[in-house]
Amino acid sequence: MLEDLLVKGLLAALEKFGVFEEDVNIVLEKPRDRSHGDLSSNLAMVLGKRLGRKPRELAGEIAAGVDFPKSIVESVEIAGPGFINFRLAHSYQVELLLDMLDPAGALEDIKTGGNKRINVEFISANPTGPLNVVSARAGAFGMTLVRLLDAIGYDAHAEYYVNDAGRQVKMLGLSLRAHYLQLAGETVDFPEDGYHGRYLEIMAQELMEQDTAAIVKAASAFNDESFQRVQAPPGNAEDWRKLPEDESVRHFAKFALMKILSWQRDTCRRFGLRFETWYFESELHESKRIERALDRLEKVGALYTEEGATWFRATDFGDEKDRVVVRAEGLSTYFLADIAYHYHKFQRGFERAIDFWGPDHHGYIQRMQGAMEALGVPRDWLEVQILQQVTFLEGGRPIKMSKRAGQFVTMDALIDEVGADVAKYIFLSRKPNSHLDFDLDLAKEQSNENPVFYVQMAHARICSVLRNAAVEGIDPGDVTADSLGNLTEEAEWNLVRELIRLPQVIVSAANAREPHRLTGYIHEVAGLYHQFYHQCHILGEEKDTTLARLHLCLVTRHVLRVVLALIGVEAPEKMGEKV
RNA sequence: GCGCCCGUAGCUCAGCUGGAUAGAGCGUCUGCCUCCGGAGCAGAAGGCCGUGGGUUCGAAUCCCGCCGGGCGUACCA
């Protein structure tokens, strides 16, 4: 790595001041202003005080003491209050570019994860209705993080947890059954805490029209491995209606669950989300994992009984109060199921688990990590990323999202109206902990003026130039150091300098869990490409120039493709007509 | 009350873990298509980085106090 080389050189120069590696942390950064070189160190300012020297003088002496090959570092300058600025040789930058294209090069070198398995769980929405638009942010982030982790050499695994057990599912069954009975002409009281969404009415309507065969056929869409548990209830709705109430509700619930999961899965697919595993809570109950987790907590002395309930000693693990795991009536809490789920996740052999949660669950982190610790799992095994809330505005005012009241914007509607690429790009341009206002009206209007098109345009433009080159019979061939050496313009080198940052950008975005650094980066790349395109004519120039510029196009296209693939946005060869 | 997150251009947001003159998109204004795609380029206007202190060579960034907003604070999920 270049930076290591520079750091080494600086350290060598520092020895005569009695400063050694362990005394100082040398940081090199890219100056904002290009006239300050390619890389910059604040070393002299940091050391100035300690050595009782004026930073600028010190910088001068350090700079005089370093010795780099001219083929790598073109110049070392002192500037401002004492910055040491390095200017890289063009030949070296070209080397870095070529290394990035090399299948065994820089993008391979950043794969330092050792193929360790990491589980990334996101969305995990309750299976009580269609996915709403809040899940879109989680989907965009989670999926991108999975790809980023793969890009740095981990074996990342996307997972979706389905809460298909407990009270809410029963309520779902009750609600659907009530709708059905109403349609069948019976007078029924709608359950008090029932789900009022219109989708359940529609589902009930469908149910009236579907016979057993149709229901079974619908269920057969779930033959994938992760969905073995999703099956049609026996018979048809008329049969279920006649059953004793409890059993009847269970049948309706099972059907509703099946339908809703199919919607959720379809929506995920439309949004480009692929989950290796859909993990069902009901499985935890059936496999006795919940009881076993409880036993184990008991065994390690992390439980006690009070007022008839069983409590987990969360305060022993940093939480502010102890938490109930089994209620006085004997029912286990959602928390206990979650403990069992995460413990099983650990047993499945993941080196680390990353969960994406909403801000309303932040108070849940301590107890969850505490429970894992109590079970003997390393404290940092479970990493929770809080994705701040999205406030959706329509007609200038916030939409209250309530699934129970049936009032929310679906993720499908978002995809229909602004498009998956635009939606993903908007979410991925913001950092995870920013609360963001999403104005749907504006998004619809601006979907035609969105930054995502700016980036896609750059890609399409490159493809177009390459097509034109082919028409003129020019075959750019492989990118070589010689060809790129013919680049002379400022606009060309501005682009080059940005392109070679790719490996670092990927590493930093992955490690910081901040995918938005990717969108910032390609926006910059696209901008520099557009500038280059306007300032430097590519085709019809003198032969070496044309070739060099075509090669720069090829590298830019590669970088854009790599990053667009990471964020799950298409890299189109042509842009459609603007509406 | 306590805990977490946020406050940067008219609006929506970046600001790479403390650096040099605070950026982008949208909106507003001015130029640029007989020229590889104008979904583009060049430029202008627009900021006490909520506020008051502190830390140091240096703060939008770190610490403390206020002000304002969101979320949480269940034997709900």
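Chain naming here is simple, since letters A, B, ... match the order of the sequence lines and numbering starts at 1 in each. Values below: every heavy atom of this structure, side chains too, minus hydrogens, waters and symmetry copies.
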Next on the checklist: Applying a 4.0 Å non-hydrogen cut-off, can you work out what A:E329 is touching in the nucleic acid: base, sugar-phosphate, or nothing?
Outcome noted: base
Checklist entry - B:C41 phosphate, OP1 or OP2: any side-chain N/O from A:Y454 under 4.0 angstrom? => result yes
Checklist entry - So is A:R289 actually on top of A:Y343's ring, under 6.0 Å and inside 45° of the axis? => result no
Next on the checklist: I want to check one thing: is the phosphate of B:G15, taken as OP1 and OP2, less than 4.0 Å away from some side-chain N or O of A:K431?
Outcome noted: yes
Checklist entry - Any stacking of A:F83 on B:A20, going by centres under 5.5 angstrom and planes within less than 30 degrees? => result yes
Checklist entry - Nearest nucleotide by nearest heavy atom, which residue falls closer to the 5' end of RNA chain B, A:E573 or A:E514? => result A:E514
Checklist entry - Just checking A:K574: base, sugar-phosphate only, or nothing, at a heavy-atom cut-off of under 4.0 Å? => result base
Next on the checklist: With a 4.0 Å limit, can you tell me whether A:Q531 has a side-chain N or O closer than that to the phosphate oxygens OP1/OP2 of B:A42?
Outcome noted: yes
Checklist outcome for this item: Comparing A:H516 with A:S35, nearest RNA chain B nucleotide closer to 5' gives the residue A:H516
Item to check | Nearest-angstrom distance from the residue atom CG of A:L28 to P of B:G18 | outcome: 16 Å
Next on the checklist: Does a side-chain N or O of A:R367 approach OP1 or OP2 of B:A74 to a distance below 4.0 Å, or not?
Outcome noted: no
Item to check | A:R327 side chain near B:A74 phosphate (N/O to OP1/OP2, under 4.0 Å) | outcome: no
Item to check | Side-chain N,O (A:S40) to OP1/OP2 (B:G19) below 4.0 Å | outcome: no
Checklist entry - For A:D322 and A:Y304, does a side-chain donor sit closer than 3.5 Å to a side-chain acceptor? => result yes
Checklist entry - Is it the case that A:H530 and A:R461 place a side-chain donor and acceptor less than 3.5 Å from each other? => result yes
Checklist entry - So, is A:N42 near the phosphate of B:A20, with a side-chain N or O under 4.0 Å from OP1 or OP2? => result no
Next on the checklist: Whether A:R517 contacts B:C16 is assessed here as follows: a side-chain N or O lying under 4.0 Å from the phosphate OP1 or OP2. Is that the case?
Outcome noted: no
